[in-house]
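Input: a single structure, listed below in structure tokens.
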Amino acid sequence: MSLTAKDMATVKTLWGKISSKSDEIGAEALGRMLTVYPQTKTYFAHWADLSPGSAPVKKHGKTIMGAVSAAVASIEDLPGAMSQLSELHAYKLRVDPSNFKILSHNLLVVLAIQFPSDFTPEVHVAMDKFLSAVALALSEKYR
Amino acid sequence: MVEWTDFERATIQDIFSKMDYESVGHNALARCLVVYPWTQRYFGNFGNLYNAAAIMGNPKVAAHGAVVLHGLDRAVKNMDNIKATYAELSVLHSEKLHVDPDNFRLLADCLTIVVASRLGTGFTADVQAAFQKFLAVVGSALTKQYH
């Protein structure tokens, strides 16, 4: 299910609209994930505060969105662009890749809430494909 | 037996009591057919599903979306007995419609997105958790009679 030229254009257009709020979106999506899928908290046991809106959640949401932004900019070569992050996730963080899907879903929910008129079915499918491609690139180095 | 907290019960009743079943059903099903196009396999006789605009404008999609949402209503009204309530529908989906149960999750995700966009900030993380739990229980009940 690779990204077509139209998908890439759609993702970039949406990103242009939302990028000023990307830190907030990341924090919100991460907070939602930790609440709605409590098993994901197991990866953050070292944080003092796992509640939505807490400092570690906000900071980490921003980190994640920074990486997603970079992925949008390098959308034509995601495996290349995400190579180092893939190594990090594979060898150090060892996050089960099924969790990438979970975070992606929560990102889409936040987009639907904050940009209801922009998040049409066509934009939804392009973003879903993009986030799946990002997840795949992140899983590259796992084995 | 599924255990529901007071918050979860209240949340589900609240969401559905305020919902426009026809509109949400139409939009959720159409979104599912666009975002996960392989789901179109179950709707061969729906006519024009060639692109997003055609899907959104297709009256059969709209009508069927409403059917699905009204089907969900049975669970809303029988939260303590969802498994038994859906026994017949489960047999239908398995024996007659031959629907891969994974599709229940795909439609549930689209329903979540549509409801989220309607409720806006009212769709808090806790509300999302309750809503997704409810849809997961329904999906599980619908899968129960598959063999």
Side-chain angles (χ1 to χ4, degrees), chain A residues 1-4 6-7 10-11 14 18 21 24-41 50-54 57-58 61 98 101-132, chain B residues 5 7-8 11 15 23-40 49-58 61-62 65 102 105-137:
Chain A
M1 298 193 234
S2 41
L3 294 168
T4 62
K6 185 172 169 225
D7 291 328
T10 303
V11 170
L14 180 73
I18 73 175
K21 294 184 87 186
E24 195 195 308
I25 292 170
E28 175 72 23
L30 188 60
R32 258 172 210 271
M33 183 185 82
L34 296 169
T35 305
V36 181
Y37 302 87
Q39 71 271 20
T40 58
K41 293 195 285 189
L50 280 160
S51 54
S54 71
V57 169
K58 277 191 182 158
S98 59
K101 234 183 273 196
I102 293 178
L103 180 58
S104 298
H105 169 71
N106 285 288
L107 266 166
L108 296 176
V109 169
V110 174
L111 290 176
I113 289 173
Q114 300 203 2
F115 303 92
S117 48
D118 292 298
F119 200 63
T120 61
E122 281 141 308
V123 169
H124 178 169
V125 62
M127 277 306 294
D128 195 30
K129 284 176 76 176
F130 168 66
L131 292 173
S132 302
Chain B
T5 64
F7 174 82
E8 287 166 347
T11 297
I15 290 178
S23 173
V24 169
H26 173 194
N27 278 277
L29 183 59
R31 194 168 278 260
C32 191
L33 295 170
V34 171
V35 179
Y36 310 108
W38 54 94
T39 56
Q40 293 169 24
L49 298 176
Y50 298 135
N51 53 44
I55 291 170
M56 281 306 294
N58 186 313
V61 172
D102 209 49
R105 185 183 53 82
L106 298 181
L107 182 58
D109 281 354
C110 287
L111 204 40
T112 298
I113 297 268
V114 171
V115 169
S117 65
R118 304 271 166 124
L119 296 184
T121 48
F123 197 67
T124 63
D126 290 325
V127 168
Q128 181 183 343
F131 191 65
Q132 290 193 196
K133 176 178 169 177
F134 173 74
L135 293 178
V137 170

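In what follows, chains carry the letters A, B, and so on, assigned in the order in which the sequence lines appear, proteins first and then strands, with residues in each chain numbered from 1. In this text the structure is predicted, and so the values were computed from the model without any measurement.
Minimum heavy-atom separation, R32(A) to A125(B): NH1-N, 3.7 Å. Here the closest non-hydrogen pair linking T112(B) and V109(A) is CG2-CG2, 4.2 Å. Across I113(A) and F123(B), no two heavy atoms sit closer than the pair CD1-O, 3.7 Å.
A distance of 10.0 Å separates CG in L108(A) from SG in C110(B), rounded to the nearest 0.5 Å. How far NE2 of H124(A) is from CG of D109(B): 7.5 Å, rounded to the nearest 0.5 Å.
Here H105(A) is the residue among H105(A), K129(A), Q114(A) with the most heavy-atom pairs under 4.5 Å with chain B. The candidate with the highest count of non-hydrogen atom pairs below 4.5 Å against chain B, out of A112(A), P116(A), A126(A), is A112(A). The residue among N27(B), V115(B), V35(B) with the most heavy atom pairs within less than 4.5 Å of chain A is V35(B).
Using a 4.5 Å cut-off between heavy atoms, Y37(A) touches chain B through its side chain atoms alone. Proximity to chain B is absent for every atom of S117(A), based on heavy atoms less than 4.5 angstrom apart. At a 4.5 Å heavy-atom cutoff, the contact between M1(A) and chain B is made by side-chain atoms alone.
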Run the numbers on Q128(B) and N106(A) for side chain to side chain contact (heavy atoms under 4.5 Å, CB included), then give the verdict.
-> CA-CA 10 Å; Q128(B) 181 183 343; N106(A) 285 288; 3.0 Å; yes

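In this structure, K133(B) places its NZ atom where more than 12 heavy-atom neighbours from other residues, nucleotides or ligands lie under 6.0 Å away.
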